[in-house]
Number of protein chains: 2
Amino acid sequence: MDDLNDSVTADDVAAAAGVSRWTVARAFKKDASISRKARERVLAAAETLGYAPDLLASSLASDRSNLVAIITNDFSNPHKLVLLERLTRMLWTAGWGTLLVHMSDSDDASAALLAASQRRVDAAVVIGTRFDDTVLATALGARRVKKLVIFARYSQNPGTLTIACDDVIAMRDIADHLLDKGYRRPVFLAGPDTQSAKLHRKSTFTEYWQARTGTPVPALHADAYDSAAAIERVTRLLDGQSPDQRPDVLVCENDIIAIGAIDALRCHLGLRVPQDIAVTGFDDIPLAASPAYQLTTYRQPITAMTEKLLEVLAGTLTHDVHLPGRLIPRGTT
Amino acid sequence: MDDLNDSVTADDVAAAAGVSRWTVARAFKKDASISRKARERVLAAAETLGYAPDLLASSLASDRSNLVAIITNDFSNPHKLVLLERLTRMLWTAGWGTLLVHMSDSDDASAALLAASQRRVDAAVVIGTRFDDTVLATALGARRVKKLVIFARYSQNPGTLTIACDDVIAMRDIADHLLDKGYRRPVFLAGPDTQSAKLHRKSTFTEYWQARTGTPVPALHADAYDSAAAIERVTRLLDGQSPDQRPDVLVCENDIIAIGAIDALRCHLGLRVPQDIAVTGFDDIPLAASPAYQLTTYRQPITAMTEKLLEVLAGTLTHDVHLPGRLIPRGTT
DNA sequence: TTGTATGCGTTATCAG
DNA sequence: CTGATAACGCATACAA
């Protein structure tokens with residue numbers, strides 16, 4: 001059991017089992033025309049020899065690598081860890097390997113896509129909020145990847161498939177919840193206001209709120225998608241503001257910004273959440289459920305989204321998908 | 001610029017440049033014996049044709065994939081995100097691709113290693129605290145990977161290379177810091193007390209403390225490496241305990257446990273940190289620096305550790321490495 | 001159900 | 001410095 005060798009090839013197994021090399025290949029294929037006896041003999045021989053098909057050679061010959069690239073440029077948001085966990089686990093279960101590609105800045109998109117295509121990935125999945133759509137489009141034009149999926153984010157790229165949580169339903173749910181609770185003066189706290197960012201949640205929320213109440217919603221932009229930037233922005237907004245001028249709720253684009261907002265309110269401004277100001281987030285990261293925050297937020301249907309991704313990879317789904325998530329009411333509203 | 005095709009092969013470039021296929025290969029190799037003129041011609045032709053070497057075919061022919069598998073089973077700790085970011089970025093810069101492999105339970109180790117070896121990775125890097133050393137050893141025996149590196153964790157596996165923060169120095173620094181600050185009754189809060197876990201930090205701290213003060217250090221074990229488990233354990237310990245029986249500092253095995261401890265103290269027990277009880281962590285995750293926690297912790301030298309990993313991959317380093325980190329004193333002590 | 005040629009795109013190695 | 005031969009390990013198509 002110890003002298004197993006990795007350089008056993010299908011030929012070796014074939015010889016040991018007394019069949020041809022091609023029968024060995026069939027034995028490892030799900031629905032192949034092969035007798036049960038032959039398959040058993042082959043599998044037994046493979047077991048004792050310690051043989052496992054070489055996926056590299058297989059990919060080269062078949063033009064299918066069973067590899068998908070996960071491309072991201074945002075490692076500061078804990079939500080990415082949740083996404084990575086779900087993606088790698090479910091893809092692995094379905095037989096897909098995952099190549100993790102780090103994309104440093106936006107203009108690195110072509111390099112990331114190039115790396116993916118050089119490894120012959122069957123698809124590239126982009127996760128992350130800080131992508132420039134146009135940069136992505138030009139990168140895609142220069143270096144073709146069989147399938148390009150934008151995951152957990154809105155995008156209008158042609159030649160691209162989007163799988164995301166339905167922001168329209170989500171922001172309406174949040175707005176309805178806030179109106180039910182009696183809040184009337186929300187401020188929307190978003191991430192950076194770059195030209196390229198879609199900021200779909202912001203526009204959806206503000207439009208719906210205005211339609212329902214007739215009043216506009218002021219919007220703020222943090223300089224980055226992290227809590228430090230949110231702390232800075234919220235402190236700057238509220239410092240020295242009198243209680244009756246203050247918003248009664250901060251609607252945040254995601255949890256990490258909401259966490260920063262809460263920290264600013266409590267630690268820098270001495271305000272209570274939700275008594276003085278309420279806060280909502282988006283994503284339902286683990287920290288949102290901790291007793292220290294108890295953040296009211298909105299959970300994306302990651303498992304269902306990943307199942308859709310599997311359909312895309314299988315080729316049975318070829319259009320954009322927007323799935324409804326779920327409001328998670330907690331103590332901050 | 002738009003009709004670039006991915007199925008351009010070295011032969012096409014060779015034809016376009018008027019050289020042989022092998023000269024094309026040389027043009028893309030760093031230190032190859034090729035005239036500057038030939039290389040320029042080839043590179044120009046490749047540029048216009050949109051050619052990029054196929055890494056799959058390259059791996060098959062050369063027996064070097066330039067791929068390293070990152071194997072982990074713990075996606076609940078935000079510190080993993082920091083590790084992933086550093087690893088993928090620095091490996092990418094050095095020309096390595098990263099295959100992210102999810103390891104569900106301990107007995108899945110052989111499956112993860114098998115997947116890695118089937119893709120012919122040049123090395124596998126294991127990150128994560130919940131690994132069973134013996135399981136890893138048997139998995140390694142069954143399925144050989146060229147190099148197996150245990151990263152950011154202690155291990156004694158033969159045939160394995162460890163790159164980690166020096167826990168001995170670290171725990172002494174923490175102990176010295178606490179003694180300086182006047183703390184005298186620490187309790188060590190560790191993760192699960194499984195047979196396999198090394199719990200190196202715990203033994204190191206308790207032994208050093210005993211040596212310096214002559215008093216033993218009680219130890220607690222949370223049921224998991226997450227904050228919820230830590231909250232439960234700390235609450236159970238201190239609930240109803242009189243102030244003079246209480247420890248004056250909780251020394252935690254890592255930050256996520258420390259965060260849970262703080263939440264328990266503040267939210268469930270109504271105690272103040274550090275006035276009633278101090279807390280220390282390990283890792284310096286981003287949350288530790290937030291104003292809500294201001295956790296005194298210890299930062300692992302991740303960049304330096306990753307540089308050592310690159311040396312291992314290059315073959316210039318072949319022994320275990322333990323690097324000193326840095327104490328980060330903050331508000332919880 | 002099983003065996004046989006042929007090709008996937010590259011590199012190691014040797015010849016010129 | 002450059003060209004040529006022989007793998008690398010498997011899959012596809014087709015023939016038996």
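Here the structure is a predicted model, which means the values were calculated and not measured.
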Span of DNA chain C, from the first to the last nucleotide whose atoms fall under 4.0 Å of chain B heavy atoms: C:dG9 to C:dA12

Criterion side-chain contact (heavy atoms from CB on, under 4.5 Å) on B:Ile70 and B:Leu99, from CA distance to verdict: CA-CA 6 Å; B:Ile70 299 182; B:Leu99 193 67; over 6 Å; no

Side-chain ion pair, B:Glu40 and B:Lys37, N-O less than 4.0 Å: no

Test: B:Asp122 and B:Lys147 ion pair at under 4.0 Å: no

Sub-4.0 Å heavy-atom contacts from residues 53-67 of chain A onto DNA chain C, ordered by number: A:Leu60, A:Ala61

Nucleotide interval of DNA chain D bounded by contacts with chain B (heavy-atom cut-off, under 4.0 Å): D:dC1 to D:dG9

Touch class at under 4.0 angstrom, heavy-atom based, for B:Arg120 against every strand present: sugar-phosphate

Of B:Val19 and A:Ala10, the one whose closest DNA chain D nucleotide lies more 5': B:Val19

A:Ser65 and A:Arg119: side chain donor to acceptor below 3.5 Å: no

Plane angle bin for A:His322 and A:Tyr154 - parallel if under 30°, tilted between 30 and 60°, otherwise perpendicular: parallel

Toward the 5' end of DNA chain D, by each residue's nearest nucleotide, B:Arg26 or A:Arg26: B:Arg26

Residue pair B:Leu84 / B:Thr72, side-chain heavy-atom distance below 4.5 Å: no

Close side-chain approach of B:Thr98 and B:Trp92, heavy atoms under 4.5 Å: no

B:Met103 CE to A:Arg89 CZ distance, which is reported to the nearest 0.5 Å: 14.5 Å

Any B:Arg120 side-chain heavy atom under 4.5 Å of B:Asp63 side chain: yes

Atom pair OG1/CD of B:Thr306 and B:Glu85 - distance to nearest 0.5 Å: 9.5 Å

